[in-house]
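Order of the sequence lines fixes the chain letters, A, B, ..., with proteins taken first and strands second; residue numbering starts at 1 for each chain. Please read these numbers as outputs of a predicted model, since none were measured by experiment.
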Amino acid sequence: MIEPVQTGAPLDMNAPDTVWMLVATALVLLMTPALGFFYGGLVRAKNALNTMMMSFAALAVAGIVWALLGYSLAFAEGTGFIGGTTHALLRGVGLETRGTIPHLLFMAYQGTFAIITAALISGAIVERKRFGAYLIFVALWTLAVYAPVAHWVWGGGWLARLGVLDYAGGTVVHVNAGVAALTAAILIRPRKDYARQALLPHNVPYVLLGAALLWFGWFGFNGGSALGVNRGAVLAFVNTMLAPAATLLVWMLIDLARTRRTTAVGAATGIVVGLVAITPAAGFVPPMSAMAIGALAAFPSYFGILWRSRTALDDSLDVVAAHGLGGATGALLTGVFATAAAGGTDGLLAGNPRQVLIQALGIAAAMVYSGVATALLLKLIGLAIPLRSHGRDEAIGMDITQHGEEAYTHGEGAVLLAQSTVTPHQETRP
Amino acid sequence: MIEPVQTGAPLDMNAPDTVWMLVATALVLLMTPALGFFYGGLVRAKNALNTMMMSFAALAVAGIVWALLGYSLAFAEGTGFIGGTTHALLRGVGLETRGTIPHLLFMAYQGTFAIITAALISGAIVERKRFGAYLIFVALWTLAVYAPVAHWVWGGGWLARLGVLDYAGGTVVHVNAGVAALTAAILIRPRKDYARQALLPHNVPYVLLGAALLWFGWFGFNGGSALGVNRGAVLAFVNTMLAPAATLLVWMLIDLARTRRTTAVGAATGIVVGLVAITPAAGFVPPMSAMAIGALAAFPSYFGILWRSRTALDDSLDVVAAHGLGGATGALLTGVFATAAAGGTDGLLAGNPRQVLIQALGIAAAMVYSGVATALLLKLIGLAIPLRSHGRDEAIGMDITQHGEEAYTHGEGAVLLAQSTVTPHQETRP
Amino acid sequence: MIEPVQTGAPLDMNAPDTVWMLVATALVLLMTPALGFFYGGLVRAKNALNTMMMSFAALAVAGIVWALLGYSLAFAEGTGFIGGTTHALLRGVGLETRGTIPHLLFMAYQGTFAIITAALISGAIVERKRFGAYLIFVALWTLAVYAPVAHWVWGGGWLARLGVLDYAGGTVVHVNAGVAALTAAILIRPRKDYARQALLPHNVPYVLLGAALLWFGWFGFNGGSALGVNRGAVLAFVNTMLAPAATLLVWMLIDLARTRRTTAVGAATGIVVGLVAITPAAGFVPPMSAMAIGALAAFPSYFGILWRSRTALDDSLDVVAAHGLGGATGALLTGVFATAAAGGTDGLLAGNPRQVLIQALGIAAAMVYSGVATALLLKLIGLAIPLRSHGRDEAIGMDITQHGEEAYTHGEGAVLLAQSTVTPHQETRP
Amino acid sequence: MKLIVAIVRPEQANEVLEALFRAEVRGLTVSRVQGHGGELERVETYRGTTVKMELQDKVRFEIGVSNHFVEPTVRAIMSSARTGEVGDGKIFVLPVERVHRIRTGETDEGAVTPLADSG
Amino acid sequence: MKLIVAIVRPEQANEVLEALFRAEVRGLTVSRVQGHGGELERVETYRGTTVKMELQDKVRFEIGVSNHFVEPTVRAIMSSARTGEVGDGKIFVLPVERVHRIRTGETDEGAVTPLADSG
Amino acid sequence: MKLIVAIVRPEQANEVLEALFRAEVRGLTVSRVQGHGGELERVETYRGTTVKMELQDKVRFEIGVSNHFVEPTVRAIMSSARTGEVGDGKIFVLPVERVHRIRTGETDEGAVTPLADSG
Ligand SMILES: Nc1ncnc2c1ncn2[C@@H]1O[C@H](COP(=O)(O)OP(=O)(O)O)[C@@H](O)[C@H]1O
Ligand SMILES: Nc1ncnc2c1ncn2[C@@H]1O[C@H](COP(=O)(O)OP(=O)(O)O)[C@@H](O)[C@H]1O
Ligand SMILES: Nc1ncnc2c1ncn2[C@@H]1O[C@H](COP(=O)(O)OP(=O)(O)O)[C@@H](O)[C@H]1O
């Protein structure tokens with residue numbers, strides 16, 4: 001533990017920046033299990049584990065794929081479209097600094113983004129997607145879709161050069177995941193019971209727990225995107241507190257106006273939408289604008305969800321409305337509210353309407369690429385193995401059929417198997 | 001993400017202090033959802049969401065109200081009684097420093113205190129208070145009660161000048177919320193079933209989860225009250241680890257002595273009481289004294305709860321005994337154990353008995369003001385709209401009647417409505 | 001709150017190091033409740049609270065015992081075998097620095113390790129151990145087993161001098177707890193129903209929640225073991241992200257290969273095993289080696305669990321296989337993969353096979369001492385009071401018999417007692 | 001021998017229990033069920049999904065009694081479970097052919113009479 | 001008076017409910033149960049423990065009806081609960097001696113006939 | 001045709017299940033219930049609230065059998081559910097008028113006899 005070798009080692013890194021990025025990385029990593037609870041509470045009990053496992057598995061699959069190759073594709077020198085393979089297998093990614101923090105930490109921090117982006121998509125295809133196909137999808141999608149889009153905006157790619165503003169991933173993460181979710185929901189088709197039966201959340205407290213931990217982790221997501229403890233970090237952090245508060249307030253008011261009741265599932269959704277919307281703008285707008293963005297962003301997502309659930313599109317947990325629409329709204333409003341003084345480029349309100357167009361271009365580019373590439377990937381995987389379960393298995397539930405487990409068991413009727421070699425209790429004198 | 005504008009910006013703020021305060025702010029923000037779980041587990045299943053929503057809604061209502069006006073009333077230049085409106089709408093609250101950290105971050109950190117203080121009160125009125133009336137109450141109470149009391153002690157107001165010691169809010173947060181809870185419990189009257197039926201916790205693991213996350217967050221609450229990473233922060237932090245450990249130990253021992261069994265609800269309560277009690281003293285007393293304070297504080301709250309539940313006072317989740325009594329005990333013991341060496345003023349044991357009187361005065365002032373002002377606010381709101389539900393609704397449960405949701409649903413007997421425009425499954429070929 | 005005394009106080013401590021260690025300490029503290037959920041979800045509902053309470057109580061018992069004496073026995077000047085009593089009752093443990101951080105913080109950080117190590121053992125004896133006997137055991141074990149072993153490796157004791165590498169506690173924490181668990185499981189004997197009935201997890205989402213929070217906290221456990229923000233901290237941190245990801249991936253693949261299904265309980269277990277295995281190596285190996293260690297460590301623990309459950313050894317929650325085997329595997333692989341360049345001593349692959357032997361010696365020493373001392377302690381306590389419950393109580397469940405509570409109650413059939421002095425509702429006009 | 005099955009409101013369950021104890025009914029089994037009757041349906045909303053909840057929480061009592069105990073048992077339930085509002089529930093009296101007490105092997109009357117000593 | 005007890009698949013429960021409403025059955029009680037029949041057993045694994053799950057989730061309907069309502073009720077359940085695969089469940093028709101409506105004290109036929117006004 | 005309703009201890013439920021399978025009973029339905037009998041009451045404490053818990057967890061079996069199967073079924077339950085301590089539970093045998101197998105429409109005996117092929 002007390003290791004003179006290390007403590008004595010030359011500290012080229014900036015120490016406070018590094019502390020903050022360590023904390024931010026841990027916070028963002030926590031967001032993926034948090035998402036598992038957010039999503040897991042929204043499905044039926046018989047699919048709770050499967051839904052949570054989609055997030056937990058992303059930690060393994062996207063995490064490893066990122067370290068081995070994805071990071072390099074996103075952040076190594078390359079073309080305007082994709083990075084190179086210089087950093088594959090973490091070559092050249094060590095404790096020397098990138099910016100003011102160790103390169104390795106930068107890689108890890110970016111990895112947590114790749115993980116959660118892949119996990120976000122799962123909300124569109126829960127309660128029916130086969131788990132094996134999902135794992136393969138996550139691996140390929142991280143490399144073929146996430147890494148390039150991240151490169152475009154944050155790796156010095158063509159959107160960065162165009163001047164697209166995306167502080168912490170409105171476009172790279174949320175629009176990208178939202179469009180992939182839309183594509184997957186269409187290709188994988190609705191659940192057998194969709195629009196015939198009421199498919200209700202089995203545990204709303206889990207949804208609230210997930211939302212709370214997402215908010216907590218999001219301080220690292222937005223605040224850490226400053227890559228150090230600087231003015232941008234503080235601004236992004238505080239905006240990440242204020243914007244979702246505003247969205248939550250407006251969401252509750254719309255709920256009240258429409259049904260005379262505020263819902264808890266709505267509150268959890270409102271928090272997430274607010275977090276999504278402020279993500280692209282976090283370090284570019286002053287706090288009062290952040291509240292405005294939060295408040296405005298409630299509307300498209302709220303009514304998007306209402307509208308979607310009347311269509312045949314079984315985007316089961318409304319990834320499109322919450323992340324796709326929320327991210328796009330945030331990205332556009334970044335072009336409206338950003339100011340050079342706050343740390344961005346001047347936007348519409350500061351007299352630069354062009355920025356809104358640039359933002360729209362960024363969104364459109366991510367949409368087209370993510371939609372097409374996701375569809376191709378799914379078709380490809382679908383050639384090799386079936387993407388979704390049989391109707392029969394869907395009725396039984398994915399936990400039993402995909403994982404051989406139940407989230408909540410009692411033990412009645414469970415008979416031990418293959419335990420013939422076990423000596424029962426009375427003989428076990430040590 | 002990689003923003004030369006920011007990273008290159010002049011860093012007038014102290015970087016390590018700022019990192020610590022970013023972390024502390026995120027930690028304190030997490031406490032409010034944690035409180036939602038602590039409280040939510042203690043109520044019946046039919047009121048679980050409503051109880052959690054009281055905490056989650058405070059994040060929106062108190063959070064926004066604080067940014068718009070409350071912060072200014074508490075911390076802008078003003079009189080000894082209340083601050084001014086200089087900082088209303090966050091005017092003049094930017095990235096320039098206040099102390100050693102950005103002013104904006106200071107505002108946010110203080111905001112998390114305002115939020116949880118309001119949420120604490122909800123424990124006294126669960127399972128019956130109408131949600132709309134609660135939202136209005138939170139908004140007004142934050143402005144009219146929390147902000148002035150915070151100003152008295154931390155904003156340079158009259159109690160600060162008198163020399164009242166309140167490191168992280170024993171008086172401002174806990175006594176204040178405890179007395180408001182008492183007032184609200186009396187005015188809103190007991191639940192219909194109170195003292196007739198056993199009203200039992202529906203999910204004790206949630207109570208433990210809430211207590212654990214509260215403890216975790218409280219490191220930011222007390223440790224962050226040093227407003228930087230300094231000797232006070234470290235001392236407060238370590239005391240926040242030791243004092244609740246001592247309270248928990250003593251609480252389990254009293255439990256054992258009284259009923260021969262240690263209870264889990266008791267353990268969770270003991271942790272919170274210990275955290276409350278060390279709050280005013282955290283950065284003013286040495287660690288051995290912190291353990292003593294923790295140990296001593298178990299007694300009034302333990303027996304306070306026992307006594308309360310034999311009265312007609314339906315302070316449903318014992319906010320008065322845990323926070324009111326716990327906070328007052330801690331505030332008085334601060335006057336006993338504080339030492340100038342540790343960072344405070346010398347207290348009784350260091351030869352300055354006067355400090356105990358000053359502490360008592362602080363407590364009394366907060367009690368009187370909070371009691372009277374809370375009563376007035378509730379009467380006022382009561383004139384406009386009813387404060388509590390009908391007995392009928394209470395029997396059905398607040399989740400269904402106030403939110404139109406249930407915490408745990410199965411789906412049997414749930415028939416889809418207003419879905420006539422939906423195309424069912426078989427037609428949905430993409 | 002705004003305390004000139006403190007903020008002005010001389011800052012001999014290194015500020016960024018101190019911030020990181022504050023954060024790390026809070027993170028490690030959170031791991032013990034997280035363990036409570038991990039374990040609590042794995043038992044039957046009738047034992048959920050008892051199992052969680054075993055973790056929560058360790059926060060009180062081990063925490064207080066550590067501050068009063070254990071810290072001194074582990075870290076004060078002493079012999080090669082045990083430290084002295086110089087720091088008993090925290091004498092001389094103040095805000096002056098130890099290394100670059102305040103001594104008090106170092107004590108607190110180490111305390112969080114003592115707490116969780118004791119709590120880990122509980123997994124072997126759940127659903128039958130009497131709670132009073134458990135509390136006494138935790139107190140004695142922390143002093144008589146944990147403190148000396150910690151001293152050997154981290155307190156400058158004989159294993160440290162031999163050159164044993166244990167970055168964050170593979171041997172001190174995990175092998176130690178694993179062997180103690182083995183001993184306790186043998187002496188306390190299997191559950192009455194063990195190997196006759198299927199004893200299934202009652203709430204797998206809690207298991208996942210626990211695993212997620214353990215992972216989150218483990219960043220402090222491993223990253224904080226650098227005792228400051230330095231190259232070791234960053235390396236340990238990133239390895240703590242990559243290694244468990246690799247273990248999780250391999251675990252899912254073994255699951256798939258064996259049963260054609262990935263299990264959620266398995267995923268949670270795999271995460272923990274990966275965290276355990278990287279613990280001794282965290283700051284000593286490069287990231288690609290960390291992934292290798294994570295991947296390799298899946299095998300012994302996976303098949304260890306399979307094998308154990310066919311024996312008469314009722315190590316109920318597989319502490320031996322997950323922590324004992326996982327820790328030993330990690331400690332040995334540290335001897336294989338460590339490099340001086342990364343911060344350790346060169347290991348086998350860097351041409352120093354001797355290090356593997358040194359590691360094995362460290363493991364063996366901890367095993368022998370922990371096994372013998374734990375057995376003696378249990379025998380001793382067993383002389384005074386019974387260690388386990390009657391079969392009858394076991395059937396009813398430990399929550400009711402040991403704590404007089406149930407985790408999940410409805411209220412039907414619960415009749416209020418001893419409430420004769422309560423005035424019922426209609427009379428309660430305030 | 002009869003088996004009395006009663007469906008009542010959860011809020012009244014404890015009162016029914018006490019009324020039964022007062023009526024000297026000592027053995028009974030209770031379960032949580034959901035019922036549909038004349039009660040107003042509830043509307044709930046989960047995001048875009050609005051549902052009509054056809055079922056209300058109820059508690060089901062199942063009580064084996066000897067013939068002369070039927071009347072007092074039914075009366076105890078009727079009086080303690082009634083609120084007068086729609087949804088109070090139903091009582092069914094079913095014929096029983098045989099009853100066994102598992103512990104002792106006693107049958108019929110003996111099986112449902114509380115054993116003074118052991119109880 | 002009869003008491004109809006039907007065990008059906010949870011996936012079919014809502015269809016059964018709707019079929020009963022269409023058949024003018026207005027009062028019924030539902031509970032979640034687990035059943036064993038001819039269905040294939042499931043194997044589940046929890047760490048080293050592999051178990052055969054003998055019980056499947058089912059939903060139990062309990063419906064008190066007057067005699068001439070037995071046929072339509074049984075028919076409604078039969079048609080809505082059937083999938084044709086093993087595990088569809090059973091219907092039991094039990095004799096009932098008396099029925100009481102708790103709210104009004106009505107007995108027998110009156111107790112199970114919906115009250116037009118109050119319902 | 002009879003319907004056998006048995007209330008047993010949860011700890012014995014799996015043994016009862018196995019005993020029934022050994023006795024060739026193949027169809028049954030199980031639910032989690034709570035019961036009150038002669039058992040000692042438990043006292044629980046939640047903060048200041050001390051309560052007497054009148055109900056113990058039990059498991060309820062519901063088994064439709066043809067007449068000649070009643071005896072073996074009752075015997076299987078009696079022997080596997082008995083511990084000899086208060087609280088072992090009760091068995092009720094109820095007359096059944098009709099049984100239907102939903103899948104095939106078979107009635108009575110046919111409905112409760114396992115179908116060799118499909119099972
Ligand atoms: N025919 C029936 N069979 C079984 N249960 C019934 C029947 N009618 C009513 N119930 C049960 O009784 C409850 C109350 O019935 P309802 O008709 O609403 O009350 P009321 O008798 O006051 O009109 C229902 O929710 C249901 O559980
Ligand atoms: N004899 C019986 N007594 C009580 N319940 C039964 C009986 N037979 C079947 N059931 C219930 O019906 C369900 C389906 O029965 P099963 O025999 O699998 O279906 P099928 O009638 O299609 O052959 C079982 O899970 C169980 O709940
Ligand atoms: N008359 C009854 N009607 C319905 N259930 C009963 C009756 N008597 C007992 N039970 C059920 O049987 C369980 C055990 O009964 P109890 O009288 O304690 O046992 P014992 O038969 O050993 O004296 C009770 O908890 C209850 O669920």
Side-chain angles (χ1 to χ4, degrees), chain A residues 16 19-20 23 27 44 99-100 154 167-168 186-187 189-190 192 194-205 208-209 212 215-216 219 223 225-235 237-238 241-242 245-246 248-249 252 259 261-265 267 283 287-288 291 310-312 343, chain B residues 1-3 5-7 9 11 13 15-16 18-19 22-23 25-26 29-30 33 36-37 40 48-49 52-53 56-57 59-61 63-64 67 89-90 95 102 104-105 107-108 111 131-132 135 206 402-411 414-416 419 421-425 427-428 430:
Chain A
V19 176
W20 175 234
V23 173
L27 286 172
R44 290 168 288 173
T100 61
W154 295 330
Y167 198 76
I186 292 172
L187 289 182
R189 295 202 310 279
K192 199 166 72 89
Y194 177 69
R196 304 211 239 191
Q197 299 271 346
L199 307 172
L200 304 183
H202 87 288
N203 192 315
V204 181
L208 290 171
L209 178 65
W215 197 341
F216 180 61
F219 286 116
S225 288
L227 298 177
V229 53
N230 45 47
R231 296 163 64 94
V234 172
L235 184 63
F237 185 102
V238 175
M241 176 170 154
L242 296 176
L248 174 53
L249 189 60
M252 292 198 295
T259 68
R261 287 154 169 175
T262 54
T263 61
V265 171
M288 291 300 292
M291 282 190 261
R310 274 157 189 66
T311 69
Chain B
M1 227 156 183
I2 309 170
E3 271 308 310
V5 178
Q6 288 134 23
T7 35
L11 268 175
M13 66 196 178
T18 302
V19 176
L22 289 171
V23 173
T25 305
L29 194 103
L30 183 62
F37 273 76
L49 295 183
M52 292 182 175
M53 280 292 280
F56 278 79
L59 287 160
V61 177
I64 293 297
L89 305 180
L90 298 181
L95 294 172
L104 195 60
L105 178 55
M107 183 283 300
F131 197 67
L135 295 181
Y206 287 170
Q402 299 291 307
H403 305 286
E405 287 170 302
E406 291 171 80
Y408 316 100
T409 48
H410 294 296
V415 176
L416 283 175
Q419 299 282 1
T421 55
V422 180
T423 328
H425 178 241
E427 271 110 276
T428 48

Close side-chain approach of [X] to [Y], heavy-atom, < 4.5 Å:
| X | Y | value |
| --- | --- | --- |
| A:L208 | B:L49 | yes |
| B:L29 | A:F219 | yes |
| B:P102 | A:R231 | no |

In terms of heavy-atom pairs under 4.5 Å with chain B, which of [options] leads?
| options | result |
| --- | --- |
| A:L248, A:V265, A:T263 | A:T263 |
| A:V238, A:L235, A:L27 | A:V238 |
| A:G99, A:A212, A:A245 | A:A245 |
| A:P201, A:P205, A:G223 | A:P205 |

Item to check | Main-chain N/O of B:T409 paired to A:H202 side chain as donor or acceptor, under 3.5 Å | outcome: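 Not a single qualifying donor-acceptor pair exists.
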Checklist entry - In terms of heavy-atom pairs under 4.5 Å, which option from B:G63, B:A48, B:P33, B:G404 contacts chain A the most? => result B:G404
Looking only at heavy atoms, what is the nearest atom pair of [X] and [Y], with distance?
| X | Y | value |
| --- | --- | --- |
| B:A26 | A:F237 | N-CZ, 3.6 Å |
| B:I64 | A:A246 | CD1-N, 3.6 Å |
| A:P287 | B:L104 | CG-CD1, 3.5 Å |
| B:M53 | A:A264 | SD-CA, 3.6 Å |
| B:A108 | A:M241 | O-CE, 3.4 Å |
| B:A414 | A:L200 | CB-CD1, 3.9 Å |

Next on the checklist: Please classify the contact of A:V23 with chain B as side chain, backbone, both or neither, using a heavy-atom distance under 4.5 Å.
Outcome noted: side chain
Checklist entry - Side chain, backbone, both or neither: which part of A:L199 has an atom under 4.5 Å from a heavy atom of chain B? => result neither
Checklist entry - Between atom CE of B:M107 and atom CG of A:L242, what is the distance when rounded to the nearest 0.5 Å? => result 5.0 Å
Checklist entry - To the nearest 0.5 Å, what is the distance between CE (A:M291) and CG (B:L90)? => result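 One finds 4.5 Å between CE of A:M291 and CG of B:L90.
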Does any heavy atom of chain A fall under 4.5 Å from the side chain of [X], the backbone, both, or neither of them?
| X | value |
| --- | --- |
| B:F37 | side chain |
| B:L105 | both |
| B:E405 | side chain |
| B:Y408 | both |

